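Values below: all heavy atoms of this structure, side chains included; hydrogens, waters and symmetry mates excluded. What you see is a predicted model, and the numbers here were worked out from it, not measured in a lab. One is the number of the first residue; the rest follow in order along the sequence.
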Amino acid sequence: MNLYDAINAHVAWKVRLRHYLDGVSEEVLDPQQVGRDDNCELGRWIYANLDNHGNKPLFKQVQVQHADFHRCAAEIVETVDNGKHNTADKLLNHQYAQLSRLIVKSLTQLDRELHEDSA
């Protein structure tokens, strides 16, 4: 898996959530589906590689951060669905933005670590 593609996909979520919050999204987002950390390409890769990399602290960190990222995204969708747009905006710009930065940083480091291991 190209982890940089995963980074780009997760960065794109901010735009998707912003559009949903602003009411201009053509997507119907289900918080149950958004919250699943095994429903995207990165999540499937993480769970498929637990046996290979699960003993690496950075891999475990990515797994936890990725799950937190999806939980927060689901919370934003649910908050929008409940009509609490100001709260959803704060979640998107603070908690979500922080989680997004963390996962991007960790994925970049993990990509480097995995390539060093295979060299």
Side-chain angles (χ1 to χ4, degrees):
M1 162 168 216
N2 182 332
L3 292 181
Y4 287 100
D5 288 343
I7 289 170
N8 290 332
H10 282 79
V11 168
W13 263 101
K14 185 168 187 179
V15 174
R16 292 173 74 184
L17 291 170
R18 171 52 59 196
H19 287 168
Y20 193 74
L21 174 60
D22 292 343
V24 296
S25 176
E26 294 182 14
E27 288 184 272
V28 176
L29 297 177
D30 174 6
Q32 295 289 346
Q33 291 300 314
V34 172
R36 290 188 52 190
D37 68 328
D38 63 345
N39 207 24
C40 66
E41 186 176 349
L42 176 60
R44 288 188 294 273
W45 178 82
I46 288 170
Y47 285 100
N49 284 280
L50 283 173
D51 289 340
N52 298 335
H53 305 300
N55 61 333
K56 294 179 168 105
L58 188 54
F59 184 87
K60 289 301 283 181
Q61 179 178 313
V62 164
Q63 182 184 14
V64 169
Q65 289 173 344
H66 183 249
D68 290 344
F69 173 93
H70 276 275
R71 272 193 293 278
C72 185
E75 185 178 354
I76 291 167
V77 171
E78 190 171 347
T79 303
V80 170
D81 289 349
N82 290 329
K84 298 178 182 177
H85 290 79
N86 287 337
T87 302
D89 189 61
K90 287 178 186 172
L91 281 169
L92 182 64
N93 290 314
H94 298 287
Q95 184 181 0
Y96 177 87
Q98 181 181 4
L99 288 168
S100 183
R101 282 190 300 273
L102 287 173
I103 192 73
V104 167
K105 181 179 177 184
S106 295
L107 282 170
T108 303
Q109 291 171 336
L110 181 61
D111 185 68
R112 192 175 314 123
E113 183 178 297
L114 293 176
H115 280 94
E116 287 171 0
D117 287 351
S118 66

To the nearest 0.5 Å, what is the distance between [atom1] ([X]) and [atom2] ([Y])?
{"X": "Asp22", "Y": "His19", "atom1": "CG", "atom2": "NE2", "answer": "7.0 Å"}
{"X": "Arg44", "Y": "Asn39", "atom1": "CZ", "atom2": "CG", "answer": "6.5 Å"}
{"X": "Asn2", "Y": "Asp111", "atom1": "CG", "atom2": "CG", "answer": "7.0 Å"}
{"X": "Asn49", "Y": "Gln63", "atom1": "CG", "atom2": "CD", "answer": "11.0 Å"}
{"X": "Gln65", "Y": "Arg101", "atom1": "CD", "atom2": "CZ", "answer": "12.0 Å"}
{"X": "Leu92", "Y": "Glu75", "atom1": "CG", "atom2": "CD", "answer": "11.5 Å"}

Any side-chain heavy-atom pair of [X] and [Y] under 4.5 Å:
{"X": "Val24", "Y": "Arg18", "answer": "no"}
{"X": "Glu78", "Y": "Val34", "answer": "no"}
{"X": "His70", "Y": "His10", "answer": "yes"}
{"X": "Arg36", "Y": "Gln32", "answer": "no"}
{"X": "Ile76", "Y": "Leu21", "answer": "no"}

So which atom in [X] and which in [Y] form the shortest heavy-atom distance, rounded to 0.1 Å?
{"X": "Asn52", "Y": "Asn55", "result": "O-OD1, 4.0 Å"}
{"X": "Leu3", "Y": "Leu107", "result": "CD1-O, 3.9 Å"}
{"X": "Ala74", "Y": "Pro31", "result": "CB-O, 3.2 Å"}

Do the side chains of [X] and [Y] join up, straight or via other hydrophobic residues, at under 4.5 Å, putting them in one cluster?
{"X": "Leu17", "Y": "Leu99", "result": "no"}
{"X": "Trp45", "Y": "Val62", "result": "yes"}
{"X": "Val64", "Y": "Leu102", "result": "no"}

Task: N-O pairing of Glu113 and Lys56 below 4.0 Å - done: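 Salt bridge between Glu113 and Lys56, a charged N being under 4.0 Å from a carboxylate O: no.
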
- [ ] May I ask you to decide if Tyr96's main-chain N or O and Ser100's side chain share a donor-acceptor pair within less than 3.5 Å?
- [x]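 Absent.
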
- [ ] Mark yes or no for whether Asp89, through its side chain, and His85, through its backbone, hold a donor-acceptor pair below 3.5 Å.
- [x]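 A pair under 3.5 Å: no.
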
Open item on the list: For the CD atom on Glu41, are there more than 12 heavy atoms of other groups (residues, nucleotides or ligands in this structure) within a distance under 6.0 Å?
Closed with: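 Open: at most 12 neighbouring heavy atoms sit under 6.0 Å from CD of Glu41.
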
TODO: Determine the interplanar angle of the Phe69 and His66 rings, folded into 0 to 90°, and report it as parallel if under 30°, tilted if 30 to 60°, perpendicular if over 60°.
DONE: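 Correct class here is parallel.
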
TODO: Could you check whether the rings of Phe59 and His53 sit parallel, tilted or perpendicular, using 30° and 60° as the cut-offs?
DONE: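 If you compare the ring of Phe59 with that of His53, the planes turn out tilted.
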
TODO: Test Asn93 against Lys14 for side chain to side chain contact (heavy atoms under 4.5 Å, CB included), laying out the working first.
DONE: CA-CA 9 Å; Asn93 290 314; Lys14 185 168 187 179; 4.2 Å; yes

Open item on the list: With side chain to side chain donor-acceptor pair (under 3.5 Å) as the criterion, how do Asp5 and Asn8 come out once you've worked through the C-alpha distance, each side chain's angles and the decisive distance to 0.1 Å?
Closed with: CA-CA 5 Å; Asp5 288 343; Asn8 290 332; 4.6 Å; no

